[in-house]
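The structure appears right after this line, and notes come after that.
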Amino acid sequence: MAFESLSDKMQRIFKKIKGQAKISESNMDDMLKEVRLALLEADVNFKVAKEFISNVKEKAIGQKVLTKLSPGQMFVKIVRDELATLLGSGDTELKFIVGKPTVIMMIGLQGTGKTTTAAKISNLLKKKYAKKPLLVACDIYRPAAIDQLEILAKQINVDIYTDRTGTKPPAIARKAYEQALINKNDVVIIDTAGRLQIDEALMQELEDITHSVTVNETILLVDAMSGQDAVNVATAFNEKLPINGLVMSKLDGDSRGGAALSIKHLTGIPIKFAGVGEKITDLEVFHPERMADRIIGMGDVLSLIENVQENIDEEVAMKTTKRIANGLFDLTDMLNLMKQMKKMGPFGKILRMLPGMPKLSDEDSEKVEKELKKTETIINSMTVAERKNPSIVKNTRRTRIANGAGVSSAEVNRLLEKYEQMKKQINQMSGMMKRNPNMFK
């Protein structure tokens with residue numbers, strides 16, 4: 001998970017400082033050394049780490065942290081604010097043009113997943129911002145690039161413009177923009193060709209595209225797993241072509257996060273999106289303040305709320321809530337709750353967004369996912385009558401359900417016991433809801 005290693009170290013440091021009644025300049029220096037070491041071990045550029053520590057110390061002394069009643073909390077707040085600034089606080093939103101299509105040009109080296117990311121951005125803009133994107137296939141050199149973009153566009157149900165007649169990318173981009181005006185597409189996303197390295201031919205083609213159509217956002221894709229090489233790639237592209245923002249792919253696989261913490265400070269380019277998985281939905285708007293909260297262990301409740309709003313079926317949720325309020329909770333309701341949870345993503349990821357919750361290792365998270373899947377399979381092996389009234393599940397029924405689900409009778413029993421425990425808790429909640437009918441409205 002992104003920044004996991006750094007987050008663990010930061011939280012250990014903060015635990016020490018919060019346990020001290022007073023902070024002297026001496027012990028603050030000791031803790032700042034630990035913070036600096038944690039940043040360097042996270043692959044943060046050494047100049048960035050040095051400046052970060054200097055800023056924290058200056059602000060801590062300037063705000064008289066040494067004399068505060070809760071100096072530890074004040075110190076943590078200063079570190080959190082500096083982390084947010086380092087990550088690019090305040091300038092990560094896309095700027096949409098009013099009255100005409102916003103043109104986004106995707107650029108990057110070959111093999112970084114640029115075509116897939118162009119589709120991910122299209123899907124996110126469609127779902128999160130209610131936009132009507134047009135994907136444009138301007139990678140005419142890689143044989144499967146156009147086919148890949150067509151498949152992805154069909155998968156997410158967005159418009160696409162292609163030209164297989166040998167037309168050059170600048171002309172394709174211009175014709176696509178004209179098509180967007182006719183079709184009333186409010187966002188045009190141009191998937192350009194990548195190279196194994198930055199060369200003059202690639203940069204000239206990108207520049208020619210910007211001359212053929214007004215590009216509002218030039219977005220560079222960099223790989224978080226490449227560490228400080230991501231900074232070098234961003235610097236090299238930015239010297240040739242002004243870049244508005246970055247997509248940092250594979251951020252979920254980089255437990256250190258040094259590139260993300262260094263890149264804005266060293267290049268001036270903000271991270272606008274974070275790739276957090278391989279699925280088409282695994283792309284997030286990058287919020288520096290929220291990421292800083294995650295690093296210091298404060299969770300990310302705002303992102304969790306957005307996740308719920310985007311993924312939960314409101315009609316199903318309301319129906320289940322009403323049944324709970326009336327004490328009618330059965331195994332079908334339990335199944336519906338599990339399906340809604342699965343839409344929100346891996347269980348371990350959800351827990352990480354809640355402050356103070358224990359962290360699950362990837363292995364433990366997988367175990368939970370497997371257990372949930374097994375539970376779903378068992379419930380699906382039951383008849384409607386058995387789901388409504390689990391008490392009728394006796395010997396022969398239990399054996400039939402176990403055989404249908406490919407589990408043992410003991411596992412069916414364990415599920416029924418969990419359901420009974422859950423039902424007791426639900427009945428208690430039902431009583432609270434009857435006493436206060438508006439509590440979940």
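When reading the values below, keep in mind they use all heavy atoms of this one structure, side chains included, and skip hydrogens, waters and symmetry mates. For reference, positions follow the sequence shown, starting with 1.
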Got a donor-acceptor contact below 3.5 angstrom from the Asn380 side chain to the Glu376 backbone?
yes
Given the rule in the side-chain contact (heavy atoms from CB on, under 4.5 Å) test, do Phe286 and Val247 qualify, once you have shown the distances and angles that lead to the verdict?
CA-CA 9 Å; Phe286 190 80; Val247 179; over 6 Å; no
Should Tyr177 and Lys100 count as side-chain neighbours, where that means a heavy-atom distance under 4.5 Å?
yes
Lys50: what forms a side-chain contact (heavy atoms from CB on, under 4.5 Å) with it, not counting sequence neighbours?
none
Mind checking the OG-CD1 spacing from Ser212 to Ile172? Nearest 0.5 Å is all I need.
10.0 Å
Heavy-atom nearest pair, Glu82 first then Val56, reads CG-CG2, 3.7 Å
Mind checking what makes side-chain hydrogen bond (donor to acceptor under 3.5 Å, both in side chains) contact with Asp147, not counting sequence neighbours?
Arg164
Name all residues meeting the side-chain contact (heavy atoms from CB on, under 4.5 Å) criterion together with Glu51; count only those two or more places apart in sequence or in a different chain, and write none if there are none.
Asn55, His265
Taking all heavy atoms of Ile107 and all of Lys114, pick out the closest pair and write down the distance.
C-CD, 3.3 Å
Is any side-chain heavy atom of Leu135 closer than 4.5 Å to a side-chain heavy atom of Val158?
yes
Side-chain contact, heavy-atom cut-off 4.5 Å: His287 with Glu93?
yes
Side chains of Asn244 and Val215: does their closest heavy-atom pair fall under 4.5 Å?
no
Just jot down the salt bridge (Lys or Arg N to Asp or Glu O under 4.0 Å) partners of Asp186, sequence neighbours excluded, or say none.
none
Contacts of Arg12 that satisfy salt bridge (Lys or Arg N to Asp or Glu O under 4.0 Å) - sequence neighbours left out:
none
Got a sec, which residues hit side-chain hydrogen bond (donor to acceptor under 3.5 Å, both in side chains) with Lys9, two or more places apart in sequence or on another chain?
Glu41
Under 3.5 Å, side chain of Asp330 to main-chain N/O of Thr332, donor-acceptor pair present?
yes
What distance do Ser122 atom OG and Leu149 atom CG have between them, rounded to the nearest 0.5 Å?
7.5 Å
List the steps and the verdict of side-chain contact (heavy atoms from CB on, under 4.5 Å) for Thr214 and Val103.
CA-CA 7 Å; Thr214 301; Val103 179; 5.9 Å; no
Check: Thr85 and Phe52 side chains under 4.5 Å, non-hydrogen atoms
no
If you define the side chain from C-beta out and look only at heavy atoms, does anything of Met105 sit under 4.5 Å from Ile243?
no
What heavy-atom pair brings Ile104 and Val187 nearest, and what distance separates the two atoms?
CD1-CG1, 3.9 Å
Walk me through whether Leu221 and Ser249 qualify under side-chain contact (heavy atoms from CB on, under 4.5 Å).
CA-CA 7 Å; Leu221 176 66; Ser249 68; 3.8 Å; yes
How long is the straight-line distance from OG1 of Thr102 back to OH of Tyr129, given to the nearest 0.5 Å?
12.0 Å
With Lys374 via salt bridge (Lys or Arg N to Asp or Glu O under 4.0 Å) - residues at least two apart:
Glu411
Would the number of heavy atoms belonging to other residues, nucleotides or ligands and lying under 6.0 Å from CZ of Phe46 be above 12?
no
If I take atom CD1 from residue Ile78 and atom NZ from residue Lys59, how far apart are they, to the nearest 0.5 angstrom?
8.0 Å
Min side-chain heavy-atom separation Arg387-Leu335 under 4.5 Å:
yes
Report yes or no: does Lys132 contribute a side-chain atom to a donor-acceptor pair with the main-chain N or O of Asn183 at less than 3.5 Å?
yes
Is a side-chain N or O of Glu217 found less than 3.5 angstrom from the main chain of Lys95, in a donor-acceptor match?
yes
Would you verify whether the NZ or CZ of Lys131 falls within 45 degrees of the ring axis of Phe96 while also being under 6.0 Å from that six-membered ring's centre?
yes
side-chain contact (heavy atoms from CB on, under 4.5 Å) against Ser226, all qualifying residues, sequence neighbours excluded
Asp223, Asp229, Ala230
So salt bridge (charged side-chain N to carboxylate O under 4.0 Å, His left out) across residues 133-144, not counting sequence neighbours, yields Asp139-Arg142
Can you tell whether the side chains of Glu200 and Lys240 come within less than 4.0 Å, N to carboxylate O?
yes
For side-chain hydrogen bond (donor to acceptor under 3.5 Å, both in side chains), just list the numbers for Thr115 and Asp191, CA-CA rounded to whole Å, side-chain angles, deciding distance to a tenth of an Å, and then say yes or no.
CA-CA 6 Å; Thr115 297; Asp191 177 35; 2.8 Å; yes
Output yes when Glu371 and Lys418 qualify as a salt bridge under the 4.0 Å nitrogen-oxygen rule, no when they do not.
yes
Go through the structure and list residues passing salt bridge (Lys or Arg N to Asp or Glu O under 4.0 Å) with Asp81, not counting sequence neighbours.
Lys77
side-chain contact (heavy atoms from CB on, under 4.5 Å) filter on Gln110, not counting sequence neighbours, yields Leu196
Which heavy atom of Leu152 sits nearest a heavy atom of Thr116, and at what distance?
CD1-CA, 3.8 Å
Report yes if the side chains of Leu202 and Phe237 come closer than 4.5 Å at any heavy-atom pair, otherwise no.
yes
For Glu205 and Cys138, the nearest pair of non-hydrogen atoms, with its separation, is OE2-O, 4.4 Å
I need the Leu87 CG to Met291 CE distance, nearest 0.5 Å.
7.5 Å
Kindly determine whether Val136 and Gln179 satisfy side-chain contact (heavy atoms from CB on, under 4.5 Å), including the steps that lead there.
CA-CA 10 Å; Val136 184; Gln179 185 67 39; over 6 Å; no
Check this for me: does any side-chain nitrogen of one of Arg174 and Glu178 sit under 4.0 Å from a carboxylate oxygen of the other?
yes
The reported gap from OH in Tyr161 to CG in Leu134 (rounded to nearest 0.5 angstrom) is 9.5 Å
Does Thr267 reach the main-chain N or O of Ala234 with its side chain, forming a donor-acceptor pair under 3.5 Å?
no
By side-chain hydrogen bond (donor to acceptor under 3.5 Å, both in side chains), Gln155 pairs with (sequence neighbours left out) none
Between the side chains of Gln11 and Ser7, is a donor N or O closer than 3.5 angstrom to an acceptor N or O?
yes
Check whether more than 12 heavy atoms from other residues, nucleotides or ligands sit under 6.0 Å from atom CD of Glu278, and answer yes or no.
no
Looking at every non-hydrogen atom in both residues, tell me the closest pair between Asn216 and Pro101 and how far apart they are.
OD1-O, 3.8 Å
